[in-house]
Peer 1: 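The structure follows.
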Protein chains: 2
Amino acid sequence: MREGDQPTVINLFLDGWGRRYKDLPDGRRQVVSFFVPGDLCDLNIFILRQMDHSIGALTPLTIAEIPRSAFEEIIDRHPRITQALWWEALVAAATQREWTMSLGQRNAAERIGHLLCELFLRLRTVGLTNGTSCPFPLTQSVLGEATGLSLVHVNRTLQDYRAAGMIVLKQRELTIPDLRALMEASMFDANYLHLDHEGRHFDANI
Amino acid sequence: MREGDQPTVINLFLDGWGRRYKDLPDGRRQVVSFFVPGDLCDLNIFILRQMDHSIGALTPLTIAEIPRSAFEEIIDRHPRITQALWWEALVAAATQREWTMSLGQRNAAERIGHLLCELFLRLRTVGLTNGTSCPFPLTQSVLGEATGLSLVHVNRTLQDYRAAGMIVLKQRELTIPDLRALMEASMFDANYLHLDHEGRHFDANI
DNA sequence: CGACATATTGAACGGGCTCAACGTGGGTGG
DNA sequence: CCACCCACGTTGAGCCCGTTCAATATGTCG
């Protein structure tokens, strides 16, 4: 989906990863967020006329396409789901603020460490981690586009973390032996993910 | 209002400027957004338990404090205002994405030029510009916190724009003689502000 | 086995930072 | 009303983190 499009459905990621990104006229590209299973995108089609960014797949995807009309019916009849949609939108905004913080203030090692912590925690929340490991389909090039760093420097920073024994990353799988240590190194505070939200009780049947 | 607080009212800026910011444990600070008259803050108190960032004044303020209960009543009875709240939340998120783009990909001059364009347009939307001029209470230090640049480099970048005749900035007033030129120089595309939104028709009486 | 994406490494460059002074202007108290 | 003060702005010089350019592995898929 490209900047300028006028989407008509809301997509729910069932399996696979995606990313939001923006391009500048001269070709520079910034990834502004990642999608993992469980994430919604394009909530804004209810209100905003057209896409101000692009969305692309990072792996083969399984997606649920929810027509706008179905969503409107849900919103009318299920206030708790509506509340969940607000949660989704507000946490996405909070995450975007945290990325702003990363790009503005954190150095290369902190940015990458912080991103790894975020993705690991988000995957764990939806049950996609396996102990201290999780799938990790992002290439170093994509990591660079997300952290505002050159591909070369991403590589060197990952090497440093590997040499320090803080991460194992190969074959598209990430292992973080000591998550707490990585969180401390990158000054990661999970509060912005709002995992203590009421969502524990979000249930369409209540 | 500080990170960790649990606010109980929603604030509407009637007059004066404010900012959202986040601090790191070692003192680094990132301003993640600005508030100008007409902006709402703390919409998230409906859903999220506690603040994941801080909010502070930049000038003396006139604020309307709207209790949560009053808001809930409005939401029940005025679907178009509810839609306006969604617009507010989604545009705030879109703006945050654009800041992510700026910090990740734009250089110093582009970041500052882009921010000046954004603030000028937002002020114009609420009728607070005067021809090519607008009030501009931000100090160079605050500009640095928002753009991820050092105060020194902000100063030099502003000098460059002044020398090029692209801005006049003194006595807390900004003049942009040729807005289109500044927008081009900083690769500013206003689409993310969604000024073509339905808000033109937002009216509590409809 | 060939081809193309991805990862790795080296070396030189540069945008923006840090450190350190020095102006400047508006508010305040004596 | 003036002298002081403090926040804000300006300028210079050297340095460093991360970039760019350019090769060289490595791996995976048909």
Side-chain angles (χ1 to χ4, degrees), chain A residues 17 19 24 26-31 56-60 102-116 135-164 167-174 185-187, chain B residues 17 19 24 26-31 56-60 102-116 135-164 167-174 185-187:
Chain A
W17 292 39
R19 72 202 192 291
L24 288 179
D26 63 3
R28 282 176 276 174
R29 169 172 294 184
Q30 177 69 35
V31 169
L58 287 165
T59 69
S102 271
L103 290 171
Q105 301 299 324
R106 284 187 246 260
N107 63 27
E110 292 163 346
R111 284 185 215 177
I112 288 182
H114 193 277
L115 179 56
L116 298 184
F136 198 83
L138 306 185
T139 66
Q140 296 183 355
S141 170
V142 171
L143 279 174
E145 289 172 349
T147 53
L149 298 168
S150 69
L151 182 160
V152 172
H153 203 60
V154 168
N155 182 283
R156 290 183 168 125
T157 305
L158 288 174
Q159 306 273 14
D160 291 344
Y161 272 129
R162 279 197 265 250
I167 66 168
V168 180
L169 177 52
K170 59 184 177 193
Q171 251 84 40
R172 310 277 102 122
E173 185 178 69
L174 168 68
S186 51
M187 286 186 271
Chain B
W17 291 39
R19 72 199 190 290
L24 288 179
D26 64 4
R28 281 176 277 175
R29 169 172 294 183
Q30 177 69 35
V31 169
L58 287 165
T59 67
S102 272
L103 290 172
Q105 301 299 326
R106 283 188 247 260
N107 64 25
E110 291 163 346
R111 285 186 214 177
I112 289 182
H114 193 278
L115 179 56
L116 298 185
F136 197 83
L138 306 184
T139 65
Q140 296 184 354
S141 171
V142 171
L143 278 174
E145 289 172 349
T147 53
L149 298 168
S150 70
L151 182 160
V152 172
H153 204 61
V154 168
N155 181 283
R156 290 182 170 127
T157 304
L158 288 175
Q159 306 274 12
D160 291 345
Y161 273 128
R162 277 196 267 248
I167 65 168
V168 179
L169 176 53
K170 59 186 179 192
Q171 250 85 40
R172 309 280 102 123
E173 186 179 66
L174 168 68
S186 51
M187 286 186 271

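Numbered from 1 within each chain, the chains take letters A, B, ... in sequence-line order. Just so you know, these numbers use all the heavy atoms, side chains as well, and skip hydrogens, waters and symmetry mates.
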Peer 1: Is the shortest side-chain N/O distance from A:N155 to OP1 or OP2 of C:dT8 below 4.0 Å?
Peer 2: yes
Peer 1: How long is the line joining CZ of A:R28 and P of C:dG15, in whole Å?
Peer 2: 13 Å
Peer 1: Are any side-chain N or O atoms of B:R28 and backbone N or O atoms of A:Q105, one a donor and one an acceptor, separated by less than 3.5 Å?
Peer 2: yes
Peer 1: Of the options D:dC8, D:dT28, C:dA7, whose atoms approach the side-chain atoms of A:Q171 most closely?
Peer 2: D:dT28
Peer 1: Could you check which of D:dT20, C:dT8, C:dA20 has an atom nearest any side-chain atom of A:R162?
Peer 2: C:dT8
Peer 1: Of the listed nucleotides (C:dG16, D:dG18, C:dT18), which one gets closest to any side-chain atom of B:R156?
Peer 2: C:dT18
Peer 1: Nearest whole Å is fine: how far is D:dC17 C1' from A:Q105 CD?
Peer 2: 15 Å
Peer 1: Applying a 4.0 Å non-hydrogen cut-off, can you work out what B:G144 is touching in the nucleic acid: base, sugar-phosphate, or nothing?
Peer 2: nothing
Peer 1: D:dC17 phosphate, OP1 or OP2: any side-chain N/O from A:N107 under 4.0 angstrom?
Peer 2: no
Peer 1: For A:D160 and C:dT9, what is the distance between atoms CG and C1' respectively, to the nearest whole Å?
Peer 2: 13 Å
Peer 1: Taking all non-hydrogen atoms of both residues, which atom of B:T59 and which atom of B:P137 are closest, and how far apart?
Peer 2: CG2-CB, 3.5 Å
Peer 1: Closest to the B:H153 side chain: D:dT10, C:dC17, C:dT6?
Peer 2: C:dC17
Peer 1: Round to a whole Å and report the spacing from CD1 of B:I167 to C1' of D:dG9.
Peer 2: 14 Å
Peer 1: Check the phosphate of C:dA7 against A:R172, side-chain N and O only, distance under 4.0 Å to OP1 or OP2. Yes or no?
Peer 2: yes
Peer 1: For B:S150, report the nucleic acid contact type (base, sugar-phosphate, nothing); a contact means any heavy atom under 4.0 Å.
Peer 2: base
Peer 1: Taking the side chain of A:V152 as heavy atoms from C-beta outward, which of C:dC17, D:dT28, C:dG10 is closest to it?
Peer 2: C:dG10
Peer 1: So, the side chain of A:R106 versus the backbone of A:M187: is there a donor-acceptor pair under 3.5 Å, distance only?
Peer 2: yes
Peer 1: What is the separation between atom CG on B:L151 and atom P on C:dC17, rounded to the nearest whole Å?
Peer 2: 10 Å
Peer 1: From CG of A:L143 over to P of C:dA5, roughly how many Å is that when rounded to an integer?
Peer 2: 19 Å
Peer 1: Just how far, in rounded Å, is P of C:dA7 from CD1 of A:I112?
Peer 2: 12 Å
Peer 1: Spell out, as yes or no, whether a donor-acceptor pair under 3.5 Å connects the side chain of B:E173 to the backbone of B:F136.
Peer 2: no
Peer 1: Nearest-Å distance, NZ (B:K170) to C1' (C:dG26)?
Peer 2: 16 Å
Peer 1: Counting heavy atoms from C-beta on, name the nucleotide in D:dC8, C:dT8, D:dT11 closest to the side chain of B:Q159.
Peer 2: D:dT11
Peer 1: Quick check: closest heavy atoms across A:R111 and A:T147, and the distance to 0.1 Å?
Peer 2: NH1-O, 2.7 Å
Peer 1: If you find the nucleotide of DNA chain D closest to B:L158 and the one closest to A:L149, which residue's nucleotide is nearer the 5' end?
Peer 2: B:L158
